[in-house]
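Accompanying notes for the structure given below.
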Number of protein chains: 2
Amino acid sequence: MPSNRPRAGSPQAPSPAAARDDSPASPWRASRERLRDREVKRDAVIRAAARAFNRKGYHNTSLDDIAAALEVTKPTVYYYVSNKEQLLFECFVAGIEGIRAAVREARSQAAPARERLKAVLRHYGEAVASEFGWCMVRAEDQDLSPDMSAHIKAMKSEIDQGIRRLLREGIQDGSIHPCDPKMTAFALAGALNWIAHWYRESQGMTGTQIAEAFIAVFESGLRPRPEISNEVQTCRKPKSSSSRPGAPRSARSRGSSRR
Amino acid sequence: MPSNRPRAGSPQAPSPAAARDDSPASPWRASRERLRDREVKRDAVIRAAARAFNRKGYHNTSLDDIAAALEVTKPTVYYYVSNKEQLLFECFVAGIEGIRAAVREARSQAAPARERLKAVLRHYGEAVASEFGWCMVRAEDQDLSPDMSAHIKAMKSEIDQGIRRLLREGIQDGSIHPCDPKMTAFALAGALNWIAHWYRESQGMTGTQIAEAFIAVFESGLRPRPEISNEVQTCRKPKSSSSRPGAPRSARSRGSSRR
DNA sequence: TAGAATAGCTACTGGTGAGTATGGTCCACG
DNA sequence: CGTGGACCATACTCACCAGTAGCTATTCTA
């Protein structure tokens, strides 16, 4: 049962996002007065764990390391999480939640499936390039208890199935070139997941830019295209109406940064 | 200095490839008479390690596990390798060697760059789906000493640069759609690397089939193409090629024209 | 202000696993 | 035949680390 965090009703004011983004400031020593917002501190523990896992790997990170990064001691960490495994799980969930939301949102829209798929891939790339990307990508069965592993597998499968569905719908509505949805979904997810292996912040590109570059690659393919009108050119009967491939999504100024 | 294996000249007969492929037979208990071919036993240790890492992960595999799989004890393993890290390194090299060879071979050929790239990707996919694929993909800096890490990084970079060069050449000779070589290489390698995460043998597809399916995805792209000649449409063709994944060094018939 | 809850520390346990010290056995070769 | 080396096992050492016991200090509440 992973979500057994106390969550005791949050009685106080929401505490205006102290030290929100990527500063390594810990809510303990950061300001000497103890802000006793449990959730803020708990989040800080999760984030510190994510950074440590990201840098040294899960097995090479001890809870003493994480505690030291927060300038506290190990029992303090255990005051907020029950064990190391849960720490990894929470990092995973923090990373994958955005993708799941994007997949769900894609199902409730009316745009051509390729545009909806691109939106999902964009969120996907951003999530993988986030500070939780490593944990999301690398959290493996072997390091987790069976229930946690099952949770993670279910979430991953949800995303995979969502992508496959978008591919099928795109083939149906003519916005996506016919292909094997399963293999194509593997290829897309694999390319995006791998971002977590080579991407380091402060390297110039943001996650969004990388996602855009990848989408450009996936869309065009390696084989040259007769560069007539860069619009759809459906090659298969668009399956009744509703196939307005006219891109209601933004003006398609996808420069794709090709040099 | 990773390659300090004794390699004592191999004075005896080559010993006709005892228990070559994926049988877990160990050269120790397999035949009661002790064949003292050091290389064969050493290879068996490497392969056993690869299988164990593949199944349980590097950190969750103890050298006692590997020894038990070979029905020997831990000091015997240490008689053939110097430490656990070297074991991982050897598995990595065993996996990546085929790709490096393919990249080098691609440079000495005259075919259009896209065809040469496809050949490289085919070898790449096969290597990742091999029993050393996991080690090749997952061997990380954090688990290795600085020199080993540098070695690995150099080999990976060699392959990456080779793919980028093929992409540039393909854009030049018109066989590849204009794109950002760096990002495209990342996308290709990522998709292929990720095979190691989901591929399990006995799942129906061989590494070659997966590689072919991925190549079809990369070639066409998601955006529909005007259906001029039939050409593409490689979706789920059973293909039934007689390439049994054993037979490592066969004639390889690299037909650049599909079907 | 007493008592309870919160939040954190020092100092420990227990288990695991990498790597080794030491010695035994079998074979090749002089 | 006996000696040295190749090969392998028993039985250890040692370090690291997840997790805990029990204490202290601060803050909230009645």
Side-chain angles (χ1 to χ4, degrees), chain A residues 5-13 26-42 44-45 48-49 52-53 56-89 142-145, chain B residues 5-13 26-42 44-45 48-49 52-53 56-89 142-145:
Chain A
R5 61 171 80 181
R7 182 72 76 177
S10 71
Q12 294 303 91
S26 82
W28 285 269
R29 294 297 183 280
S31 60
R32 196 63 191 94
E33 83 276 12
R34 305 196 176 179
L35 40 148
R36 77 202 59 75
D37 192 341
R38 191 178 174 82
E39 287 301 318
V40 169
K41 292 187 182 177
R42 196 186 139 92
V45 171
F53 294 158
K56 300 170 50 177
Y58 177 70
H59 288 281
N60 297 318
T61 299
S62 71
L63 284 183
D64 280 315
D65 293 335
I66 297 169
L70 294 166
E71 296 177 79
V72 295
T73 57
K74 188 166 55 171
T76 299
V77 173
Y78 275 97
Y79 185 72
Y80 292 98
V81 295
S82 62
N83 51 33
K84 189 181 180 182
E85 177 191 344
Q86 193 196 3
L87 218 38
L88 179 59
F89 181 81
Q142 303 114 0
D143 303 329
L144 293 167
S145 68
Chain B
R5 61 171 77 181
R7 184 71 78 178
S10 71
Q12 293 304 90
S26 79
W28 287 268
R29 295 298 182 279
S31 60
R32 195 64 192 92
E33 85 275 12
R34 306 195 177 179
L35 42 148
R36 79 200 57 76
D37 191 342
R38 190 178 174 83
E39 287 302 317
V40 169
K41 294 187 182 178
R42 197 187 139 91
V45 171
F53 294 159
K56 301 169 51 177
Y58 178 69
H59 288 282
N60 296 318
T61 299
S62 70
L63 284 183
D64 281 315
D65 293 336
I66 297 169
L70 294 166
E71 296 177 80
V72 295
T73 56
K74 191 165 54 171
T76 299
V77 174
Y78 275 98
Y79 184 73
Y80 291 98
V81 295
S82 63
N83 52 31
K84 189 181 179 183
E85 177 192 343
Q86 193 196 2
L87 218 38
L88 179 60
F89 181 81
Q142 303 113 0
D143 302 329
L144 294 167
S145 67

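The chains referred to below are lettered A, B, ... by the order of the sequence lines, with proteins before strands, and numbering in each begins at 1. Any value given below was found using the heavy atoms of this structure, including those in side chains, with hydrogens, waters and symmetry copies removed.
- Among the nucleotides dG8(C), dG19(C), dA11(C), the one closest to the side chain of Pro75(A) is dA11(C).
- Nucleic acid contact class of Thr73(A) (heavy atoms, under 4.0 Å, all strands): base.
- Across the protein-nucleic acid pair, Arg42(A) atom CZ and dG8(C) atom P stand 14 Å apart, rounded to whole Å.
- Checking the phosphate oxygens (OP1, OP2) of dA6(D), no side-chain nitrogen or oxygen of Arg38(B) falls inside 4.0 Å.
- Leu87(B) places its CG atom 10 Å from the P atom of dA18(C), with the value rounded to the nearest Å.
- Of the candidate nucleotides dG19(D), dA21(C), dC9(C), dG19(D) has the atom lying nearest to any side-chain atom of Tyr78(A).
- We find that CG of Asn60(A) is positioned 19 Å from P of dA15(D), with the value rounded to whole Å.
- Closest to the side chain of Thr76(B), out of dA18(C), dA9(D), dG19(D), is dA9(D).
- Relative to the side chain of Leu63(B), the nucleotides dC7(D), dG8(C), dA18(C) differ in distance, and dA18(C) lies closest.
- In this structure, Asn83(A) places its CG atom 14 Å from C1' of dC17(D), rounding to the nearest Å.
- Straight-line distance from the CG atom of Asp64(B) to the C1' atom of dG15(C): 14 Å, rounded to whole Å.
- In the set dT10(C), dT6(C), dC8(D), dT6(C) carries the atom at the smallest distance from any side-chain atom of Tyr79(A).
- With a 4.5 Å cut-off on side-chain heavy atoms, Val45(B) and Thr76(B) do not count as touching.
- We find that CG of Asp65(B) is positioned 12 Å from P of dT16(C), with the value rounded to whole Å.
- With Tyr79(B) as the aromatic partner, Arg42(B) does not meet the cation-pi criteria of under 6.0 angstrom to the ring centre and within 45 degrees of the ring axis.
- The phosphate of dC8(D) (OP1 or OP2) has a side-chain N or O of Tyr80(B) nearer than 4.0 angstrom.
- Residue Lys84(A) has its side chain nearest to dG19(D) when only dG19(D), dG8(C), dG19(C) are considered.
- Atom CD1 of Ile66(A) is separated from atom C1' of dG19(D) by 14 Å (rounded to the nearest Å).
- The base of dG19(C) sits within donor-acceptor range of the side chain of Lys74(B), with an N or O pair under 3.5 Å.
- In this structure, the separation between OG1 on Thr61(A) and CG on Leu88(A) is 10.5 Å, given to the nearest 0.5 Å.
- Side-chain contact check for Tyr58(B) versus Glu85(B): some heavy-atom pair is nearer than 4.5 Å.
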Practice task
Please lay out, stage by stage, how Asp143(B) and His59(A) fare under the test side chain to side chain donor-acceptor pair (under 3.5 Å).
Solution key: CA-CA 9 Å; Asp143(B) 302 329; His59(A) 288 281; over 6 Å; no
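- In this structure, the CD atom of Glu39(A) is 15 Å from the C1' atom of dA7(C), given to the nearest Å.
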